[in-house]
Amino acid sequence: MTYLLSIDEAIDRKFLVTKSVKGQAEAGTIIHVMDAEKAPNNSIVVYYRVARFNQKFHDYQDFTAKFEDLSQFCKWVQPDNFIARNYESFSIKDIQHYIKIKKRTFASFCLPLILLAAVIIWGLSLYFMEAPISIIVAAVLTVFVIVAIFSMFRTQKKKEKLRMYKKISTGWGVVIE
């Protein structure tokens, strides 16, 4: 992320929202900063427009947000994210899918899958096999599942980012492999 030097640089630019603001902008939406001003207490007031895209119509709504300082505003939006710069190349569904994949963590995505798979593997192996063999088979299968889920987690993030880059690079004549 490139940091803004002054709030004037944000005016009339479009940003990808990375942190939802309840009742205003959701993560993954594009906002257009219409105007911004510094308040006397060094806080920043930002006037922006959120475009919501439904299947039947487009809805534009104007909002005002107040931030303690410029760094708080920069944490809320990413000014030079490749999606924000090239948002015309992506559908809202593409952007939201990218945000969902990007925000996945080991604890939120892998751990529940590993625990579920381990319970199923151990339960089935102990039920259908004899004690010494079932423990060895269950342990080996559990390790295999852990490695498979973790590698899927890492490759899924990489593939999604490459897919997005390929989508914008086709217009430039650049081939990303």
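We're numbering straight along the sequence, starting at 1. Side chains included, hydrogens not; waters and symmetry mates left out as well; all remaining heavy atoms used.
Tracing side-chain contacts under 4.5 Å through hydrophobic residues (I, L, V, M, F, W, Y), one reaches Val145 starting from Phe153; they form part of the same cluster. Leu124 and Met129 fall into different hydrophobic clusters, where Ile, Leu, Val, Met, Phe, Trp and Tyr are joined by side-chain heavy atoms under 4.5 Å apart, directly or via other members. Hydrophobic clustering of Ile, Leu, Val, Met, Phe, Trp and Tyr side chains at less than 4.5 Å, counting indirect connections, keeps Ile136 apart from Leu126. Hydrophobic clustering, with ILVMFWY side chains joined whenever heavy atoms are under 4.5 angstrom apart, groups Leu111 together with Phe150.
The nearest pair of heavy atoms linking Pro112 to Phe109 is CD-O, 3.6 Å. Minimum heavy-atom separation, Tyr47 to Ala36: CD1-N, 4.4 Å.
Leu141 pairs by the side-chain contact (heavy atoms from CB on, under 4.5 Å) definition with Ile121, Val137, not counting sequence neighbours.
Taking NZ of Lys158 as the reference point, atom OG1 of Thr155 lies at 9.0 Å (rounded to 0.5 Å). For the atom pair CG of Asp62 and CZ of Arg49, the computed distance is 4.0 Å after rounding to the nearest 0.5 Å.
Under a cut-off of 6.0 angstrom, the local environment of CG in Leu115 is crowded, with over 12 non-hydrogen atoms contributed by other residues, nucleotides or ligands. Under a cut-off of 6.0 angstrom, the local environment of CZ in Phe106 is crowded, with over 12 non-hydrogen atoms contributed by other residues, nucleotides or ligands.
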Practice prompt. Decide salt bridge (Lys or Arg N to Asp or Glu O under 4.0 Å) for Glu160 and Lys157; before the verdict, give the C-alpha distance in whole Å, the side-chain angles of both, and the deciding distance to 0.1 Å.
Written response: CA-CA 5 Å; Glu160 183 61 22; Lys157 280 187 167 188; over 6 Å; no
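For the side chain to side chain contact (heavy atoms under 4.5 Å, CB included) test with Thr64, the passing option among Asp35, Val45, Val46 is Val45; the others fail.
Screening residues 104-129 for side chain to side chain donor-acceptor pair (under 3.5 Å), with sequence neighbours left out, gives Arg104-Gln156, Thr105-Ser108, Trp122-Thr142.
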